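The structure appears below as structure tokens.
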Amino acid sequence: MRNLTEANLTDAVLAKLEGAPDARFKQIMTSLIQHLHAFVREVELTEEEWMTGIQFLTAVGHKCDDKRQEFILLSDVLGVSMLVDAINHRRPGGVTENTVLGPFYVHGAPEIRNGDDMAAGWKGEPTYVAGRVLGTDGEPVPGALLDLWQSNTEGFYDVQLADTGGRQLRARLRADDEGRFRFRTIKPTAYPVPTDGPVGQILDRMGRHPMRPAHLHFIVSAPGYETVVTHLFVEGDPYLESDVVFGVKNSLVIDFKRSDSEAEAEKLGLKAPFCKASYEFVLRPAAARAKQQKVTSAVDAARA
Ligand code: BEZ
Ligand code: FE
């Protein structure tokens with residue numbers, strides 16, 4: 001353990017993990033150290049660059065508080081959040097895909113009833129969203145809970161605004177006995193992730209824009225089914241190909257069809273012109289997920 005060199009320093013650090021009692025922790029730390037050292041070697045990091053990195057991570061930490069999580073934002077824009085999501089939510093075709101949760105979810109949004117307006121008082125294009133929650137055999141999921149949230153037309157969520165008088169543009173809605181849901185809102189618009197911190201600076205240095213394509217957030221859950229954390233994206237949005245957090249999936253991009261029909265608008269409780277969107281969420285029974293995880297673990301064990 002003396003006179004360590006470029007050639008044997010990594011092994012010396014890894015050897016220090018021998019006594020770690022938690023096998024999973026040991027596996028994660030071993031891999032992290034190996035990759036960190038390999039990175040430093042590959043780019044031949046200078047001392048100035050190392051210090052810049054330390055200062056950057058320090059600034060990310062300083063930007064965090066109970067309302068702002070700059071580390072998650074960093075993970076999002078580097079694609080780590082979506083990679084973790086992909087690994088943890090491998091689903092068969094036909095089951096609704098997950099995408100990134102994002103930092104603006106709030107527990108305990110107001111409960112609304114089918115057909116209610118979750119954007120009452122907010123300016124924007126009136127929009128009607130309807131659909132069903134089904135299981136993988138096409139069975140309706142009665143009483144499924146839909147947690148919904150979105151930004152306003154300026155691209156801000158309620159928690160980013162100084163005073164909105166409580167929870168806004170977010171709601172919890174229960175599907176009916178046939179798994180059907182419907183609600184009114186405003187058409188979502190594209191918006192930038194927060195750029196007033198170190199993540200904004202690093203995006204700029206990478207020559208990247210900060211935009212997310214227009215979307216509505218959903219968490220769809222029901223007892224006995226795997227919860228889906230997802231979005232519905234607006235077809236035609238210019239940022240679908242370059243979402244700053246890499247969250248777009250084809251199966252989640254839908255038409256928000258424009259209608260000028262006064263009669264239809266009146267029937268739905270809106271004013272024309274308005275947009276109409278529909279979607280069927282398909283949830284996987286929790287037992288099917290548990291079975292797949294067992295098979296995956298057995299395959300991993302056989303490979304090891
Ligand atoms: C969002 O969609 O709310 C979001 C996701 C990742 C980072 C920032 C915002
Ligand atoms: Fe969002």
Side-chain angles (χ1 to χ4, degrees), residues 59-61 63-89 96-109 118-119 122 124-125 127 129 146-161 164 167-172 183 185-204 206 208-220 227-249 251-254 256 277 279 281:
V60 171
K63 197 71 193 170
C64 295
D65 59 26
D66 58 338
K67 289 219 176 78
R68 175 84 176 250
Q69 231 307 347
E70 196 77 354
F71 273 112
I72 295 185
L73 188 58
L74 179 61
S75 160
D76 293 341
V77 305
L78 295 181
V80 176
S81 305
M82 281 307 293
L83 185 55
V84 172
D85 189 85
I87 289 166
N88 284 274
H89 301 284
T96 300
E97 295 188 272
N98 251 41
T99 189
V100 67
L101 174 68
F104 301 123
Y105 173 66
V106 175
H107 286 277
M118 79 156 181
W122 287 88
E125 224 176 320
T127 295
V129 184
L146 294 102
D147 228 309
L148 320 162
W149 68 107
Q150 70 173 98
S151 62
N152 65 16
T153 47
E154 263 114 54
F156 295 109
Y157 287 82
D158 56 356
V159 289
Q160 296 175 285
L161 301 169
T164 54
R167 304 272 180 258
Q168 302 283 320
L169 292 168
R170 58 180 79 237
R172 279 179 300 160
F183 62 93
T185 187
I186 49 174
K187 189 180 175 193
T189 44
Y191 65 84
V193 297
T195 54
D196 58 340
V199 172
Q201 288 165 9
I202 207 172
L203 281 173
D204 203 39
M206 289 191 283
R208 290 172 53 187
H209 72 69
M211 299 301 289
R212 295 221 63 209
H215 58 274
L216 289 174
H217 288 263
F218 289 83
I219 299 178
V220 186
T227 297
V228 167
V229 176
T230 199
H231 305 351
L232 293 179
F233 293 95
V234 178
E235 180 61 275
D237 187 283
Y239 296 106
L240 286 171
E241 300 304 325
S242 63
D243 180 8
V244 67
V245 303
F246 308 98
V248 179
K249 293 175 178 173
S251 66
L252 303 175
V253 180
I254 61 165
F256 280 66
Y279 198 75
F281 292 98

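Both ligands and their constituent atoms are indexed starting at 1 by order of listing. Everything quoted here is computed from the prediction, not taken from an experiment.
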*Answer whether the closest heavy-atom distance between the side chains of M82 and D243 falls below 4.5 Å.*
no
*Is the backbone of A109 close enough, under 3.5 Å, to the side chain of R172 for a donor and an acceptor to pair up by distance?*
yes
*Quick one: pull up CG in D85 and CG in D76 and give me the separation to the nearest 0.5 Å.*
10.5 Å
*Which residue supplies the protein heavy atom nearest to atom 1 (C) of ligand 1, what is that atom called, and how far is it?*
Y191 OH, 2.8 Å
*Can you tell me which residue and heavy atom of the protein come closest to atom 7 (C) of ligand 1, and the distance to 0.1 Å?*
D76 OD2, 3.2 Å
*Mind telling me whether Y157 and F104 have parallel, tilted or perpendicular rings, with 30° and 60° as the class edges?*
parallel
*Can you measure from CD1 (I219) to NE2 (H231) and round to the nearest 0.5 angstrom?*
11.0 Å
*Distance only, no hydrogens: is a donor on one side chain within 3.5 Å (strictly under) of an acceptor on the other, for S81 and S75?*
yes
*Numbering the atoms of ligand 1 from 1, which are under 4.0 Å from a heavy atom of G102?*
4 (C), 5 (C), 6 (C)
*Hey, does W149 sit under 4.0 Å from ligand 1 if you only count heavy atoms?*
no
*Around F156, counting heavy atoms of other residues, nucleotides and ligands shown, do more than 12 lie under 6.0 Å from its CZ?*
no
*asked:* Rounded at 0.5 Å granularity, tell me how far CG in L252 sits from CZ in F233.
replied: 6.5 Å
*What atoms of ligand 1 come closer than 4.0 angstrom to any heavy atom of H217?*
1 (C), 2 (O), 3 (O)
*Nearest 0.5 Å please: distance from the CG atom of L169 over to the CD1 atom of I186.*
5.0 Å
*Return the minimal non-hydrogen interatomic distance between Y191 and H217, and the atom names on each side.*
OH-NE2, 4.2 Å
*Taking only heavy atoms of L73, which atoms of ligand 1 are found under 4.0 Å from at least one of them?*
7 (C), 8 (C)
_Nearest-neighbour protein heavy atom for atom 9 (C) of ligand 1, which is reported as residue plus atom name and distance_ = P103 CD, 3.4 Å
*At a cut-off of 2.8 Å, list the protein N/O/S atoms near the Fe ion (ligand 2), residue plus atom name.*
Y157 OH, Y191 OH, H215 NE2, H217 NE2
*Which of the numbered atoms in ligand 1 are below 4.0 angstrom from a heavy atom of V245?*
6 (C), 7 (C)
